[in-house]
Amino acid sequence: MARKSDVPSPYYGEPSKFDPTFRGPISNRSCTDVFCCVIFIIVILGYIALGTVAWLHGDPRKVIYPTDSYGQFCGQKGTPNAKKSILFYFNILKCANPAVLINLQCPTTQMCVSKCPDRFATYTDMQLQYQITAAPWEYYRLFCKPGFNNPTKPVAQVLRDEDCPSMIVPSRPFLQRCFPDFITLNGTLTVAKRTHFKDALDKARSVTELRDAANGITGLVDAKEVGMKIVEDYAASWNWILIGLVIALVVSLIFILLLRFTAGLLLWFTIIAVILVIAYGIWHCYLEFSLLRQQPGADVTIVDIGFQTDVTVYLHLSQTWLIFLIALCTIEASILIILIFLRKRVWIAIALLREGSKAVSYIMSTLFYPIITFLLLAICISYFSVTSVFLASSGDAIYKVMAAEPNCMYANTTCDPETFNKTNVSKTCPGAQCTFAFYGGETPYHRYLFILQLSNLLIFLWLVNFIIALGQCTLAGAFASYYWARRKPQDIPTCPLFSSFSRAIRYHTGSLAFGALILALVQMARVILEYLDSKLKGASNVAARFLLCCLKCCFWCLERFIKFMNRNAYIMIAIYGKCFCTSARDFPHKLLTSSDMDGRRILNCITGDLAGVFTMLCFLCVAGVIAFFFFTHKIPIVQEDVPTLHYYWVPLLTVIFGSYLIAHGFFSVYAMCVDTLFLCFCEDLERNDGSPEKPFLMSAELHSILRKTEHH
């Protein structure tokens, strides 16, 4: 019978003889995927060149400041419009879509003003009042073209030449543009308490027409008010939010350090705590639902009341608590089912977490490596955002003929405002004007701006995935150094995290870039599919929508699979120092063909993640409950110190989300540690047999628990 040591190794092509010099991640290291590394460096240099070109051609003022019909920026210092920071539309009824307004492509004269109109008025009414007093004209001329001072000019000619707007309506600025001041009174949409009005031609108009011309603006205005209140809430509660996040950081660190000594107790406590907290939530939701079901008016559906800025309105509906009840019951049932089927794996999770806690305690710097990843991602995101803005503002001002008559042959053609009056366009089309349309250009650079934006997005995704891959490979190398140290901690290399980072950069940049590129291409395909889906939302082609939905689902699954394979391939790269394709191929081969391991070992890879999920749920539940009682003034001891807020859920969600990021940062390190230790365990079993000549390098506890699972 062949001994274990004589079994051919799938990684070296020969029997796995005992090698006393083997040190895992620091042996037999050489550069991998050199060609991909060269391509990656060239792409980074090209990305820097792309940003430089965008910065040379771009002008952020085109994004920051609105532009009038003459191509001048509103509110820019040092210009005649310095004190006129708001854009006013002569005839907002011509603007059928708010997106058209924001993109500055509404087919009406646009000019910069210092303030929006605050009253109803028409040019005809102004002329009648002008015969008595000049005050109406002095106010109305604020919204006419600069230099126009002929209030007696016939209305038809004024409207033809667009010297003044035919009417003005009460408005307020939003996104530095004047929009009708919509107010809902008793369920009726009004402007200045009026539902109907007349224009300069004495034609009856309704507020509904204004709403249709600026569809969705009321919701945006409400959102702006909510945003202002949220900012005020942050200003009043930022210190308490910071204290809560610091407490979450300290508790997370203590929890991880205690796992080394009380992994079993803490893990079971975490699981039971999550189950009990969710059970309490189920009971509370059922109690609220039962009480509201008996109250009149509480049976109104969420759809009926629509969007409300006051979130507490939804808490008075029985349907809201029914949704909460169903969601919590589903989560509770899922957790219990998982525990029933994976109850034996919990003990494996305890052993792996205890070993992982020991590894982290020896290499404490790994807990703070996520900060480096965060800083690198912040730099990458900032560069991408700035480059995108400069690319979007790289175009030159394009002017087009805006005709007063619909049958004008020159309508929507490109023109030059400096020479427009010398052409015969105004003679052929009376009232036609050469006005600013948008930013663009006819040069090759401007024609390929869209391609450059796509390239910017693809390289950004590539860099983000590379940074994540670098972090995973660095952590895996550090923890592998711990595992293969024969005497712990004496044989652990000095500064293992820095050494692992240096190895990953020096030898495996190409391999990490290769895996990141594959994932970036799949993510790019998903972005394109999402874009196509947004364009086809109003389409009636059911077959196309169904095919698109299937493609989105397939690419989502493909992305998850590639992330899983990449993660384990990076661990294999950190341990064995081989290229990406070989490492990705050897990972499943390692688990399924190792002589002492069967297919069930794959399930062990998820035990660390399972423990991390339960622990993070516990953190989130505890942090959410404490923050809820604190910010709702239900803790008597500190009740007087709690600030008065517009929305208590603002600091509540911030604390919960911040606690999640902190816990996720710590346990992502743990998950990588567990996965790395498990793959090292596989190699340990293949290389060694536990004899004095070939001793195992794993801990005795880990070996005994993992080997016992083979008999179940």
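Along the sequence shown, residues are numbered consecutively beginning with 1. Quick caveat: nothing in here was measured; it's all calculated off a predicted structure. We use all heavy atoms of the structure for the numbers below, so side chains are in, but hydrogens, waters and symmetry mates are not.
Put simply, the side chain of Ser499 never gets that close to the backbone of Pro496: no donor and acceptor are under 3.5 Å apart. The backbone N or O of Ala513 sits less than 3.5 Å from a side-chain atom of Trp462, completing a donor-acceptor pair.
In this structure, the side-chain contact (heavy atoms from CB on, under 4.5 Å) partners of Val527, at least two apart in sequence or on a different chain, are Leu457. Here Tyr47 pairs with Asn456 under the side-chain hydrogen bond (donor to acceptor under 3.5 Å, both in side chains) rule; sequence neighbours left out. Checked against side-chain contact (heavy atoms from CB on, under 4.5 Å), Ala248 has the following partners two or more places apart in sequence or in another chain: Ser659, Ile662. Listed by chain and residue number, Asp533 satisfy the side-chain hydrogen bond (donor to acceptor under 3.5 Å, both in side chains) test with Lys552 (two or more places apart in sequence, or in another chain). By the disulfide bond (SG atoms under 2.5 Å apart) test, Cys116 is found to be paired with Cys178, residues two or more places apart in sequence or in another chain being considered.
Within the 4.5 Å cutoff, side-chain heavy atoms of Ile571 are placed close to those of Met672. Looking at heavy atoms from C-beta onward, Leu475 lies in side-chain contact with Val669 at the 4.5 angstrom threshold. Counting heavy atoms from C-beta outward, Cys680 and Thr676 have side chains that approach closer than 4.5 Å. Within the 4.5 Å cutoff, no side-chain heavy atoms of Phe498 are placed close to those of Thr474. By the 4.5 Å heavy-atom criterion applied to side chains, Leu276 and Tyr280 are not counted as neighbours. Contact of the Phe501 side chain with the Leu470 side chain is registered, since non-hydrogen atoms from C-beta on lie closer than 4.5 Å. A 4.5 Å side-chain heavy-atom check between Phe384 and Thr387 finds every atom pair outside the cut-off. Side-chain atoms of Phe479 and Asp675, non-hydrogen and from C-beta on, never get closer than 4.5 Å to each other.
Nearest heavy-atom pair, Ala574 versus Cys473, reported as atom, atom and distance to 0.1 Å: CB-O, 3.6 Å. Across all non-hydrogen atoms, the minimal contact from Leu458 to Ala520 is CD1-O, 4.1 Å. For the pair Cys380 and Leu463, the tightest heavy-atom approach, listed with the atom from each and the gap, is SG-CB, 3.6 Å. Scanning all heavy atoms of the two residues, the minimum distance from Ser500 to Ala478 falls at OG-N, 3.4 Å. The two residues Met572 and Leu679 have their closest heavy-atom pair at SD-CD1, 3.9 Å.
In this structure, CD1 in Ile371 is found 12.0 Å from CG in Leu376, a value given to the nearest 0.5 Å. Here CG of Leu328 is found 12.0 Å from CD1 of Ile323. Values are rounded to the nearest 0.5 Å.
No side-chain N or O of Gln472 forms a donor-acceptor pair with one of Asn566 less than 3.5 Å apart.
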Open item on the list: Working note: Phe466 + Thr509, criterion side-chain contact (heavy atoms from CB on, under 4.5 Å); need CA distance, chi angles, decisive distance, verdict.
Closed with: CA-CA 9 Å; Phe466 175 80; Thr509 296; 4.0 Å; yes
TODO: Dump the intermediate steps for side-chain contact (heavy atoms from CB on, under 4.5 Å) on Ile505 and Leu512, then the final yes or no.
DONE: CA-CA 9 Å; Ile505 290 292; Leu512 301 181; over 6 Å; no
- [ ] Take Leu245 and Phe657 through the test side-chain contact (heavy atoms from CB on, under 4.5 Å) and record every step on the way to the result.
- [x] CA-CA 10 Å; Leu245 295 179; Phe657 183 68; over 6 Å; no
Task: His508/Tyr570 under side-chain contact (heavy atoms from CB on, under 4.5 Å): CA gap, chis, key distance, verdict - done: CA-CA 9 Å; His508 307 302; Tyr570 299 147; over 6 Å; no
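Within 6.0 Å of OH on Tyr286 lie no more than 12 heavy atoms contributed by other residues, nucleotides or ligands. Counting non-hydrogen atoms of other residues, nucleotides and ligands closer than 6.0 Å to OH of Tyr369 gives a total above 12.
The list of side chain to side chain donor-acceptor pair (under 3.5 Å) pairs with a residue in residues 324-338, not counting sequence neighbours, is empty.
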